[in-house]
Amino acid sequence: QVQLVESGGGLVQAGGSLRLFCAASGRTFSTSAMGWFRQAPGKEREFVAAISWRGGMTSYADPVKGRFTISRENAKSTVYLQMNSLKPDDTAVYYCAAAPGVGVRVREYEYQFWGQGTQVTVSS
(Lines give C-alpha, C1' and ligand atoms only; values in the text may rest on other atoms or scores of the structure.)
Protein backbone atom coordinates (compact mmCIF):
# COMPACT_ATOMS: atom_id res chain seq x y z
CA GLN A 1 0.00 0.00 0.00
CA VAL A 2 1.14 3.53 -0.79
CA GLN A 3 -0.66 6.66 0.43
CA LEU A 4 -0.05 9.84 -1.53
CA VAL A 5 -0.65 13.50 -0.62
CA GLU A 6 -0.02 16.28 -3.11
CA SER A 7 0.74 19.92 -2.27
CA GLY A 8 2.23 23.02 -3.85
CA GLY A 9 -0.56 23.97 -6.19
CA GLY A 10 -1.92 27.48 -6.46
CA LEU A 11 -2.57 30.46 -8.67
CA VAL A 12 0.25 31.77 -10.85
CA GLN A 13 0.53 34.11 -13.80
CA ALA A 14 1.48 32.83 -17.24
CA GLY A 15 5.24 32.47 -17.50
CA GLY A 16 5.60 31.75 -13.82
CA SER A 17 6.70 28.63 -11.96
CA LEU A 18 5.35 26.23 -9.36
CA ARG A 19 6.78 23.19 -7.66
CA LEU A 20 4.44 20.37 -6.76
CA PHE A 21 5.17 17.91 -3.98
CA CYS A 22 3.90 14.39 -3.50
CA ALA A 23 4.51 12.94 -0.05
CA ALA A 24 4.24 9.17 0.07
CA SER A 25 3.86 6.75 2.93
CA GLY A 26 4.11 3.00 2.78
CA ARG A 27 6.89 0.48 2.54
CA THR A 28 6.77 0.05 -1.22
CA PHE A 29 7.41 3.66 -2.27
CA SER A 30 11.09 3.16 -2.99
CA THR A 31 10.32 0.29 -5.36
CA SER A 32 7.44 2.02 -7.13
CA ALA A 33 7.41 3.94 -10.35
CA MET A 34 5.83 7.36 -9.87
CA GLY A 35 3.91 9.65 -12.14
CA TRP A 36 2.04 12.92 -12.41
CA PHE A 37 -1.25 13.24 -14.26
CA ARG A 38 -3.61 16.19 -14.68
CA GLN A 39 -7.28 16.77 -15.41
CA ALA A 40 -8.57 20.04 -16.78
CA PRO A 41 -12.24 21.04 -16.50
CA GLY A 42 -14.35 19.10 -18.98
CA LYS A 43 -11.42 16.96 -20.11
CA GLU A 44 -10.15 13.48 -19.36
CA ARG A 45 -7.21 12.92 -17.08
CA GLU A 46 -3.94 12.89 -19.00
CA PHE A 47 -0.35 11.83 -18.45
CA VAL A 48 2.16 14.55 -17.57
CA ALA A 49 5.40 12.95 -16.40
CA ALA A 50 6.79 9.74 -14.93
CA ILE A 51 9.94 8.56 -13.20
CA SER A 52 11.44 5.14 -12.51
CA TRP A 53 12.01 3.79 -9.02
CA ARG A 54 15.54 5.14 -8.66
CA GLY A 55 14.97 8.22 -10.76
CA GLY A 56 17.27 7.15 -13.56
CA MET A 57 14.58 7.21 -16.23
CA THR A 58 11.93 9.81 -16.91
CA SER A 59 9.22 10.41 -19.49
CA TYR A 60 7.19 13.51 -20.35
CA ALA A 61 4.09 14.32 -22.32
CA ASP A 62 4.85 16.43 -25.38
CA PRO A 63 3.01 19.57 -24.13
CA VAL A 64 5.28 19.82 -21.08
CA LYS A 65 8.63 18.73 -22.47
CA GLY A 66 11.33 21.28 -21.78
CA ARG A 67 9.17 23.08 -19.19
CA PHE A 68 8.43 20.48 -16.50
CA THR A 69 10.88 18.31 -14.56
CA ILE A 70 9.98 15.29 -12.44
CA SER A 71 12.32 14.11 -9.70
CA ARG A 72 12.22 12.04 -6.52
CA GLU A 73 13.99 11.63 -3.21
CA ASN A 74 13.43 8.10 -1.95
CA ALA A 75 15.01 8.94 1.41
CA LYS A 76 12.24 11.51 1.91
CA SER A 77 9.52 9.47 0.19
CA THR A 78 8.77 12.48 -1.97
CA VAL A 79 8.23 13.11 -5.65
CA TYR A 80 8.47 16.57 -7.17
CA LEU A 81 7.17 18.24 -10.30
CA GLN A 82 8.95 21.47 -11.15
CA MET A 83 6.81 23.47 -13.57
CA ASN A 84 8.33 26.43 -15.40
CA SER A 85 7.05 28.72 -18.15
CA LEU A 86 3.49 27.90 -17.17
CA LYS A 87 0.68 28.51 -19.63
CA PRO A 88 -3.08 28.91 -19.12
CA ASP A 89 -3.48 25.49 -20.79
CA ASP A 90 -1.62 23.96 -17.83
CA THR A 91 -4.57 24.81 -15.58
CA ALA A 92 -5.81 21.54 -14.08
CA VAL A 93 -5.96 19.38 -11.01
CA TYR A 94 -2.63 17.57 -10.77
CA TYR A 95 -2.52 14.04 -9.39
CA CYS A 96 0.41 12.01 -8.11
CA ALA A 97 0.29 8.26 -8.69
CA ALA A 98 2.30 5.17 -7.81
CA ALA A 99 2.72 2.02 -9.88
CA PRO A 100 4.15 -1.34 -8.86
CA GLY A 101 7.46 -2.06 -10.52
CA VAL A 102 10.64 -0.21 -11.24
CA GLY A 103 10.40 1.08 -14.80
CA VAL A 104 8.74 4.19 -16.18
CA ARG A 105 4.96 3.95 -16.53
CA VAL A 106 3.04 6.29 -18.83
CA ARG A 107 -0.44 4.79 -18.98
CA GLU A 108 -3.07 5.62 -16.39
CA TYR A 109 -4.22 2.01 -15.98
CA GLU A 110 -0.72 0.99 -14.90
CA TYR A 111 -0.99 3.08 -11.73
CA GLN A 112 -2.46 1.49 -8.64
CA PHE A 113 -2.41 4.28 -6.04
CA TRP A 114 -3.55 7.89 -6.45
CA GLY A 115 -3.52 11.06 -4.41
CA GLN A 116 -6.44 13.46 -4.04
CA GLY A 117 -4.94 16.08 -6.34
CA THR A 118 -3.82 19.69 -6.08
CA GLN A 119 -5.25 22.57 -8.11
CA VAL A 120 -2.98 24.55 -10.42
CA THR A 121 -4.43 27.66 -12.02
CA VAL A 122 -2.47 29.72 -14.53
CA SER A 123 -3.87 33.15 -15.37
CA SER A 124 -3.20 34.91 -18.66
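In this text, all values refer to a predicted model and were calculated from it rather than measured experimentally.
- By the 4.5 Å heavy-atom criterion applied to side chains, Thr91 and Gln119 are counted as neighbours.
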- Task: Apply side chain to side chain contact (heavy atoms under 4.5 Å, CB included) to the pair Met83 and Leu20, showing each step before the final yes or no.
- Result: CA-CA 8 Å; Met83 306 186 295; Leu20 302 185; 3.7 Å; yes
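- Under the 4.0 Å criterion applied to side-chain N and carboxylate O atoms, Asp62 and Lys65 are assigned as salt-bridge partners.
- Across all non-hydrogen atoms, the minimal contact from Lys76 to Thr78 is O-OG1, 2.8 Å.
- For Ser32 (side chain) and Ser30 (main-chain N/O), no donor-acceptor pair under 3.5 Å exists by modelled atom type.
- The two atoms that bring Ser124 and Pro88 nearest to each other are CB-CG, 3.9 Å, heavy atoms only.
- Under a 3.5 Å cut-off, the side chain of Arg105 and the backbone N or O of Gly101 do not form any donor-acceptor pair.
- For the pair Ser7/Thr118, no side-chain contact is recorded, criterion being any heavy-atom separation below 4.5 Å from C-beta on.
- Looking only at atom types and distance, the side chain of Gln13 has no donor-acceptor partner in the side chain of Ser123 under 3.5 Å away.
- In this structure, the side chains of Val79 and Phe21 stay at 4.5 Å or more apart for every pair of heavy atoms.
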Does Phe68 form a side chain to side chain contact (heavy atoms under 4.5 Å, CB included) with Leu81? I'd like the steps, not just the answer.
CA-CA 7 Å; Phe68 290 12; Leu81 185 67; 4.2 Å; yes
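- Under the 4.5 Å side-chain heavy-atom criterion for Ile, Leu, Val, Met, Phe, Trp and Tyr, Tyr60 and Leu18 are members of the same hydrophobic cluster.
- In this structure, the side chains of Glu108 and Glu46 stay at 4.5 Å or more apart for every pair of heavy atoms.
- Using modelled atom types, no side-chain atom of Glu73 and backbone atom of Ser77 make a donor-acceptor pair closer than 3.5 Å.
- The closest donor-acceptor contact from the side chain of Asp90 to the backbone of Val122 lies at 3.5 Å or more, if one exists at all.
- Two residues are said to be in side-chain contact when any heavy atoms from C-beta on lie closer than 4.5 Å; Val48 and Tyr95 fail this criterion.
- Annotation: side chain of Ser17 is in contact with side chain of Gln82 (closest heavy-atom distance under 4.5 Å).
- Aromatic pair Phe47/Trp36: centroids not less than 6.0 angstrom apart.
- There is a path of hydrophobic side-chain contacts, each under 4.5 Å, that joins Met57 to Val106.
- With contacts defined as side-chain heavy-atom distances shorter than 4.5 Å, the pair Arg38/Arg45 does not qualify.
- The two residues Tyr111 and Ala50 come nearest to each other via the heavy atoms OH-CB, 3.5 Å.
- The backbone N or O of Gly103 lies less than 3.5 Å from no partner atom in the side chain of Ser52, so there is not a single donor-acceptor pair.
- Between Tyr94 and Phe37, the distance separating the two ring centers is not shorter than 6.0 angstrom.
- Met34 is not listed as a side-chain neighbour of Trp53, based on a closest heavy-atom distance of 4.5 Å or more.
- Checked by atom type and distance alone, the side chain of Gln3 never pairs as donor or acceptor with a backbone atom of Ala24 at under 3.5 Å.
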**Asked** Can Val104 and Ile51 be said to form a side chain to side chain contact (heavy atoms under 4.5 Å, CB included), step by step?
**Response** CA-CA 5 Å; Val104 171; Ile51 190 166; 6.0 Å; no
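- With a 6.0 Å radius and a threshold of 12 heavy atoms from other residues, nucleotides or ligands, Arg19 has its CZ atom above the threshold.
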